[in-house]
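For reference, the structure discussed in these notes is given below.
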Amino acid sequence: MNMNDNVQEDLQQTPEPEPRQEEVTQEPKGVTEEVTAEAGASAELEKLRAESEDYQQRLLRTQADFDNFRRRTVKEKEELGKYASAKLITELLPVIDNFERALSTAGESTDANSYIKGVEMIFRQLEGVLKTEGLTPMEAEGQPFNPEFHQAIMQVESDEHEEGIVVEVVQKGYLLKDKVLRPAMVKVSG
């Protein structure tokens with residue numbers, strides 16, 4: 001027992017080791033985790049701000065590109081509309097030249113038949129140019145009246161035709177490719 005008493009006395013007299021300098025300056029564990037979490041959140045926030053700024057710049061560039069595209073497209077459409085008929089007019093110039101020649105020889109010529117034949121040739125030339133551009137005359141006479149293609153200017157009694165049939169074409173109608181350019185003015189049986 002004596003020995004046990006000595007060991008216990010020694011233990012009681014042994015001074016506790018002094019805390020090291022490092023341990024004294026350390027903050028409690030919960031505070032350190034909080035500071036680290038704040039630093040991570042701050043870095044994440046800066047990253048998100050940078051991404052947001054990048055997206056904002058991209059949006060502004062895209063809007064500017066679209067505005068430029070829209071302006072360029074409007075300008076091209078205006079230019080196309082302004083000069084769309086240039087090809088057709090170029091093809092009609094020889095017809096005009098032929099009409100001028102015919103008119104200049106009208107006073108000199110004594111043969112009316114050759115003059116009429118020349119004018120008919122010019123007319124066929126004009127029809128050919130217009131046909132190549134897609135212009136076709138409507139065949140309306142004897143057809144059922146269709147308000148999409150015909151404009152009725154008069155209703156007439158007819159024993160030859162049923163009701164609603166085009167009896168006479170007053171003014172030809174024309175199609176440009178598959179679209180009505182001018183409806184035919186017609187008289188319809190009643």
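No hydrogens, no waters, no symmetry mates; every other heavy atom, side chains included, goes into these values.
For the pair A184 and M138, the tightest heavy-atom approach, listed with the atom from each and the gap, is N-SD, 4.3 Å. Scanning both residues, V180 and E148, for their nearest heavy atoms gives CG2-O, 3.5 Å. The shortest heavy-atom contact between V166 and A140 is CB-O, 3.3 Å. Nearest heavy atom pair, residue T90 against residue P94, reads O-CD, 3.5 Å.
Atoms OG1 and CD, from T136 and E127 in turn, are 11.5 Å apart once rounded to the nearest 0.5 Å. The structure places NZ of K131 at 13.5 Å from CZ of R124, a figure rounded to the nearest 0.5 Å.
Side-chain atoms of M154 and V188, non-hydrogen and from C-beta on, never get closer than 4.5 Å to each other. Two residues are said to be in side-chain contact when any heavy atoms from C-beta on lie closer than 4.5 Å; R182 and Q171 meet this criterion. Side-chain contact between N98 and Q125 is present, with at least one heavy-atom pair separated by less than 4.5 Å. K187 is listed as a side-chain neighbour of V170, based on a closest heavy-atom distance under 4.5 Å. Annotation: side chain of I165 is not in contact with side chain of F145 (no heavy-atom distance under 4.5 Å).
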| task | Check step by step if side chain to side chain contact (heavy atoms under 4.5 Å, CB included) holds for V186 and E168. | result | CA-CA 6 Å; V186 297; E168 183 184 341; over 6 Å; no

| said: If you apply the rule side chain to side chain contact (heavy atoms under 4.5 Å, CB included), what do you find for E141 with V167, and how did you get there? | reply: CA-CA 6 Å; E141 195 167 324; V167 176; over 6 Å; no

| said: Go through it in stages, so that I can follow the logic: the residues are Q63 and L60, the test is side chain to side chain contact (heavy atoms under 4.5 Å, CB included), and I'd like the CA-CA distance, side-chain angles, deciding distance and then a yes or no. | reply: CA-CA 5 Å; Q63 284 177 334; L60 292 174; 3.9 Å; yes

| task | Determine, step by step, whether K87 and E91 satisfy the salt bridge (charged side-chain N to carboxylate O under 4.0 Å, His left out) criterion, reporting the C-alpha distance in whole Å, the side-chain angles of both residues, the deciding distance to 0.1 Å, and the verdict. | result | CA-CA 6 Å; K87 180 180 179 271; E91 291 180 19; 3.2 Å; yes

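The same ILVMFWY cluster, assembled from side-chain heavy atoms under 4.5 Å apart, contains both L126 and Y174. Both L181 and L130 are assigned to one and the same hydrophobic cluster, defined by single-linkage of ILVMFWY side chains at heavy-atom distances under 4.5 Å. Under the 4.5 Å side-chain heavy-atom criterion for ILVMFWY residues, a single connected hydrophobic cluster contains both I122 and V129. Linking Ile, Leu, Val, Met, Phe, Trp and Tyr whenever their side-chain heavy atoms come within less than 4.5 Å leaves M121 and V95 in two separate clusters. Residues L92 and F99 are members of one and the same hydrophobic cluster, defined by side-chain heavy-atom contacts under 4.5 angstrom among Ile, Leu, Val, Met, Phe, Trp and Tyr.
Looking only at distances, a side-chain donor or acceptor of T73 sits under 3.5 Å from a matching main-chain atom of F69. Checked by atom type and distance alone, the side chain of S85 never pairs as donor or acceptor with a backbone atom of L88 at under 3.5 Å. Checking side-chain atoms of S189 against main-chain N and O of E162 turns up a donor-acceptor pair under 3.5 Å. S52 contributes no side-chain N or O that, together with a main-chain N or O of L48, makes up a donor-acceptor pair within less than 3.5 Å.
Environment of CD in E160: sparse, with no more than 12 heavy atoms of neighbouring residues, nucleotides or ligands closer than 6.0 Å. Heavy atoms from other residues, nucleotides or ligands lying under 6.0 Å from CG of D178 number 12 at most. For E51, the CD atom sits in a packed shell: over 12 heavy atoms of surrounding residues, nucleotides or ligands are nearer than 6.0 Å.
Classification of D65 and R61 as a salt-bridged pair fails, no side-chain N sitting under 4.0 Å from a carboxylate O. Salt bridge absent: K177 and E133 never bring a charged side-chain N and a carboxylate O closer than 4.0 Å. For E53 and R49, the salt-bridge test fails: no basic side-chain N is under 4.0 Å from an acidic carboxylate O.
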